[in-house]
Amino acid sequence: MEKKGLYSIAAIGPDMLISGFLQPVPDLTPVIPSVDETSAIDPTICPYESSIIFFYKTWDPYGAFSNFSPHPIQMLDENGDYFTWLSVEHYYQAHKFVGVNDAVAINCVEDIKSSKSPEEASRIGRKMQRQRPDLVTPDWESIKTDVMYRALKCKFSIYPHLNSMLLSTTGCVLVEASPHDLFWGGGRDGEGLNYLGRLLMQLRSEFLGDSQTQNGISVTHQQREDEVKRP
Ligand SMILES: Nc1c(N[C@@H]2O[C@H](COP(=O)(O)O)[C@@H](O)[C@H]2O)[nH]c(=O)[nH]c1=O
């Protein structure tokens with residue numbers, strides 16, 4: 001019989017083959033998507049050959065994958081006008097309060113819009129969320145992944161070098177190596193859900209699909225490109 005604290009591949013399953021991590025049993029919340037999940041997100045990944053690219057701070061290798069990287073994005077606002085956000089982080093933090101009919105929330109969005117750095121945007125957004133959770137848009141938990149997806153799609157569409165960088169990681173598992181953030185990041189010991197890594201892998205797969213169909217007959221790429229504005 002297996003002792004508690006000793007982990008075997010049989011107990012853990014093939015997850016171990018991509019992560020290289022032995023997760024404690026029975027705490028099986030994986031940082032890195034399981035083999036099945038991974039190929040559902042990005043069919044180009046071969047779990048048995050994939051390596052892992054960790055990113056976090058903007059000055060790290062692959063730091064441009066961080067939401068704090070200084071890449072402005074242009075997104076349509078509620079009035080149908082384009083607004084330039086200084087980073088994905090600006091857009092993400094502001095959307096915690098966008099559409100909330102309260103002067104404090106409206107001011108907060110304006111403060112985030114005019115904040116000079118992603119760190120400042122994040123400080124303002126997080127502080128307001130902590131102090132006034134009643135001002136966070138009520139469905140935030142269910143829409144935040146979509147908000148992030150839209151911002152990332154814009155970022156990786158309008159900067160060709162970022163798009164190439166993302167495509168150059170094909171076959172690798174991407175993990176935001178945030179030690180604290182257990183939703184967007186992988187956590188300190190692989191206990192996080194790594195949703196930022198997942199979205200980037202999803203986008204990579206979509207871009208790859210687009211470039212493949214572009215060489216064929218599909219025009220969907222152009223249609224999708226029309227959804228985002230180039231700077
Ligand atoms: N890259 C990076 C972080 N990670 C980012 O923080 C955001 C999560 O914010 P929240 O939902 O307010 O907790 C999300 O964009 C995630 O990618 N956090 C940092 O303090 N520094 C950093 O360099």
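In each ligand, atom 1 is the first atom listed, and ligand 1 is the first ligand listed. Nothing fancy with the numbering, it's 1 onward along the sequence.
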*Asks:* Are Arg123 and Glu120 close enough for a salt bridge, meaning some N to O gap below 4.0 Å?
*Replies:* no

*Asks:* Thinking salt bridges, do Glu141 and Lys144 make one under a 4.0 Å N-O criterion?
*Replies:* yes

*Asks:* Taking atom types as modelled and ignoring hydrogens, do the side chains of Ser87 and His90 form a donor-acceptor contact shorter than 3.5 angstrom?
*Replies:* yes

*Asks:* For atom 10 (P) of ligand 1, what is the nearest protein heavy atom, given as residue, atom name and distance?
*Replies:* Arg126 NE, 3.6 Å

*Asks:* Report the nearest protein non-hydrogen atom to atom 11 (O) of ligand 1: residue, atom name, distance rounded to 0.1 Å.
*Replies:* Tyr92 OH, 2.7 Å

*Asks:* Taking the non-hydrogen atoms of Ser66, is any one of them nearer than 4.0 angstrom to ligand 1?
*Replies:* yes

*Asks:* Distance to 0.1 Å, residue and atom name: give those for the protein heavy atom nearest to atom 7 (C) of ligand 1.
*Replies:* Glu89 OE2, 3.4 Å

*Asks:* Does Asp77 use its side chain to pair, donor to acceptor, with the backbone of Gly80 at less than 3.5 Å?
*Replies:* yes

*Asks:* If the plane angle is over 60° it's perpendicular, under 30° parallel, otherwise tilted; pick one for His161 and His71.
*Replies:* tilted

*Asks:* What residue and atom, counting heavy atoms only, is the protein's closest point to atom 12 (O) of ligand 1, and at what distance?
*Replies:* Lys96 NZ, 2.7 Å

*Asks:* Distance only, no hydrogens: is a donor on one side chain within 3.5 Å (strictly under) of an acceptor on the other, for Thr169 and Arg204?
*Replies:* yes

*Asks:* Can you tell me the protein heavy atom closest to atom 2 (C) of ligand 1 and the distance?
*Replies:* Tyr56 CE1, 3.3 Å

*Asks:* Once you measure the plane-to-plane angle for Phe65 and Tyr62, does it fall in the parallel (<30°), tilted (30-60°) or perpendicular (>60°) bin?
*Replies:* tilted

*Asks:* Which residue holds the protein heavy atom closest to atom 4 (N) of ligand 1, what is that atom called, and what is the gap in Å?
*Replies:* Glu176 OE2, 3.1 Å

*Asks:* Which residue supplies the protein heavy atom nearest to atom 8 (C) of ligand 1, what is that atom called, and how far is it?
*Replies:* Asp181 OD2, 3.4 Å

*Asks:* Between Asn194 (side chain only) and Glu176 (backbone N and O only), is there a donor and an acceptor less than 3.5 Å apart?
*Replies:* yes

*Asks:* Is the contact between Thr58 and ligand 1 made by the side chain, the backbone, both, or neither, using heavy atoms and a 4.0 Å cut-off?
*Replies:* neither

*Asks:* For ligand 1, which atoms have a heavy atom of Leu196 less than 4.0 angstrom away?
*Replies:* 17 (O)

*Asks:* For atom 21 (N) of ligand 1, what is the nearest protein heavy atom, given as residue, atom name and distance?
*Replies:* Lys57 NZ, 3.3 Å

*Asks:* Does ligand 1 have an atom that lies less than 4.0 angstrom from a heavy atom of Met148?
*Replies:* yes

